[in-house]
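One structure below.
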Amino acid sequence: MLSDPATPRFGANYVPSSGWFYSWLDYDPAAVRRDFADLAGLGLDHVRVFPIWPWIQPNRAIIRERAIDDLLDLIDAAAEHGLTVAVDLIQGHLSSFDFLPSWVLTWHRSSLFESETVRDGLTAYVDAVARAVATKPNVFAITLGNEVNNLWPDSSTTPEASTRWAHDLLLTLRKAAPDVLALHSVFDDAWYKPDHPFLPADVVDLGDLSTVHSWVFNGVSRVDGPLGPATLTHADYLVELAAATSLDSSRAVWLQEIGVPGPDIPVELQAEFTRRTVELVVHNPALWGVTWWSSHDIDRRLLDFPDREYDLGLFTVDHQRKPAAQALADVIAEVRANGVRAQPATTLMSPLNPRTEPGRRGELAPGSDFHRSWVEARTTGPVRIAFPT
């Protein structure tokens with residue numbers, strides 16, 4: 001199921017142009033197909049899609065078959081446009097909003113990661129949705145959820161509990177869908193925050209490949225600005241951290257989210273940021289693929305999103321291709337025509353091993369001495385990371 005490492009895959013995280021993810025409540029097959037036509041026109045080969053957990057399982061005893069049928073139609077629509085599909089299950093957290101069913105809230109309030117009752121409900125949900133989508137030949141991966149660590153600290157957990165939670169649900173997922181990639185996804189606090197209860201080892205040990213999400217509003221854009229070397233190489237830095245932390249030297253790393261958030265990346269620089277960032281990461285031998293966040297903007301008639309969330313799309317809500325989309329399409333065409341080549345690399349020794357010293361992982365964060373040294377070395381070519389044993 002993994003692609004040829006010489007030809008990384010390119011895709012988009014699908015945000016519906018009409019109605020954002022609220023569109024699942026009034027599913028429109030024609031609108032989905034119009035959106036996928038936009039994406040196929042860029043030369044993308046896959047989409048990552050997000051059914052909303054509480055709308056499929058509003059009660060712990062109910063799995064709504066109609067909602068699953070809508071998801072299956074969306075997967076068919078992707079196939080009609082030559083797109084393969086990765087399905088995320090536990091939404092969870094999307095574009096700054098959390099979506100949790102009422103049976104884990106109010107007087108039922110329980111930790112998503114520690115409650116056995118919630119685990120029973122989630123197990124049923126993961127099993128049902130995974131079995132359904134695995135019947136579609138263009139589904140290549142299922143991820144437990146989108147940045148599930150965003151649901152902490154509202155849902156309490158410990159490193160041991162969060163690891164066990166993902167491990168157990170991945171077993172359910174693999175049993176239900178044995179022929180697709182089973183994945184676990186977290187955002188980069190797992191790499192950079194010393195007290196974070198989701199660990200770097202979880203990223204590289206759990207699931208069938210490692211996933212990283214590169215967002216320059218995490219502080220890296222303050223190091224040297226929107227087109228500085230630290231900002232442009234942050235995606236490559238995360239891929240290197242994941243590759244170095246894995247005990248399996250052949251384990252691939254999926255750059256599962258990357259985008260052009262304002263004001264960190266001003267509108268007039270977004271095309272150049274896109275082109276240069278992708279060109280820098282695409283030759284990394286560990287890279288499985290790049291999936292842009294996101295496919296379409298959010299309609300500004302929808303209220304209460306953080307301002308940066310509205311304009312992250314490759315396309316506007318009325319299907320106009322944006323400069324970043326054209327830049328991405330141009331890089332994809334070049335890679336497809338010429339492939340990627342191995343480049344000589346140097347190696348930089350980290351002062352710590354995040355697998356064994358997660359309490360020191362702040363020393364790897366953007367702006368740290370090690371990060372700045374890596375960025376400086378990266379200006380002359382690829383830099384592998386080594387950890388002390």
Side-chain angles (χ1 to χ4, degrees), residues 10-58 64-97 99 129 132-133 135-143 145-146 256-257 259-260 291-306 308-326 328-329 332:
F10 293 95
N13 292 278
Y14 178 47
V15 173
S17 65
S18 177
W20 190 66
F21 296 106
Y22 306 123
S23 59
W24 284 115
L25 296 169
D26 189 19
Y27 180 73
D28 184 345
V32 168
R33 284 162 171 81
R34 175 68 187 274
D35 289 346
F36 287 169
D38 292 341
L39 300 178
L42 296 179
L44 302 182
D45 57 67
H46 70 273
V47 288
R48 180 172 168 234
V49 305
F50 305 90
I52 306 299
W53 171 29
W55 300 340
I56 295 179
Q57 192 184 31
R64 293 183 57 243
E65 292 299 329
R66 180 173 176 179
I68 293 179
D69 288 344
D70 289 342
L71 174 58
L72 295 178
D73 181 78
L74 180 143
I75 293 167
D76 287 341
E80 292 165 16
H81 291 85
L83 299 166
T84 59
V85 177
V87 179
D88 271 39
L89 296 178
I90 301 166
Q91 272 61 252
H93 182 86
L94 288 169
S95 302
S96 83
F97 284 101
F99 291 87
V129 180
V133 302
T135 63
K136 298 297 183 178
N138 61 319
V139 171
F140 71 89
I142 303 172
T143 303
N146 180 53
Q256 197 179 45
E257 288 185 20
V260 284
T291 309
W292 204 258
W293 190 284
S294 59
S295 66
H296 294 80
D297 287 346
I298 300 172
D299 193 328
R300 285 190 174 268
R301 290 176 295 181
L302 297 176
L303 303 179
D304 301 324
F305 290 85
R308 65 160 54 101
E309 297 287 348
Y310 285 99
D311 300 314
L312 289 170
L314 295 167
F315 290 86
T316 64
V317 294
D318 57 354
H319 305 280
Q320 299 301 305
R321 183 182 293 195
K322 295 166 68 175
Q326 187 58 54
L328 182 61
I332 292 170

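When a residue number appears, it is its place in the shown sequence, counting from 1.
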Can you tell me how far the [atom1] atom of [X] sits from the [atom2] atom of [Y], to the nearest 0.5 Å?
X    : Y   : atom1 : atom2 : result
T291 : L44 : OG1   : CG    : 9.0 Å
H81  : D35 : NE2   : CG    : 9.5 Å
D70  : L25 : CG    : CG    : 10.0 Å
I56  : E65 : CD1   : CD    : 10.0 Å
F36  : L74 : CZ    : CG    : 4.0 Å
Q57  : I52 : CD    : CD1   : 14.0 Å

R33: what forms a salt bridge (charged side-chain N to carboxylate O under 4.0 Å, His left out) with it, not counting sequence neighbours?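 Checked R33 against salt bridge (charged side-chain N to carboxylate O under 4.0 Å, His left out); matches are D73, E80.
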For F10, give me all partners under ring-ring contact (aromatic ring centres under 6.0 Å, His included), at least two apart in sequence or on another chain.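 Testing F10 for ring-ring contact (aromatic ring centres under 6.0 Å, His included), a comparison that skips the adjacent residues, returns none.
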W20: which residues meet the ring-ring contact (aromatic ring centres under 6.0 Å, His included) condition with it, sequence neighbours left out?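 Partners of W20 by the ring-ring contact (aromatic ring centres under 6.0 Å, His included) criterion, ordered by chain and then number, come out as Y22, F99, F305.
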Minimum heavy-atom separation for S17 and H319, please, with both atom names.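 Result for this residue pair: OG-CE1, 3.6 Å.
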For the ring pair W293 and F50, is the centre-to-centre distance below 6.0 Å?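 Between F50 and W293, which both carry aromatic rings, the centre distance is below 6.0 Å.
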Sequence neighbours excluded - salt bridge (charged side-chain N to carboxylate O under 4.0 Å, His left out) pairs with any residue from residues 81-97: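 For residues 81-97: R48-D88.
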Side chain to side chain contact (heavy atoms under 4.5 Å, CB included) involving D311 - partner list, sequence neighbours excluded: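 By the side chain to side chain contact (heavy atoms under 4.5 Å, CB included) rule, D311 matches D297, R300, K322.
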Run the side chain to side chain contact (heavy atoms under 4.5 Å, CB included) test against L72 and tell me which residues pass, sequence neighbours left out.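 With sequence neighbours excluded, L72 shows a side chain to side chain contact (heavy atoms under 4.5 Å, CB included) to I68, D69, I75, A132, V133, K136, given in chain and number order.
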CG (D26) with more than 12 external heavy atoms under 6.0 Å: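 No, the 6.0 Å shell around CG holds no more than 12 heavy atoms from other groups.
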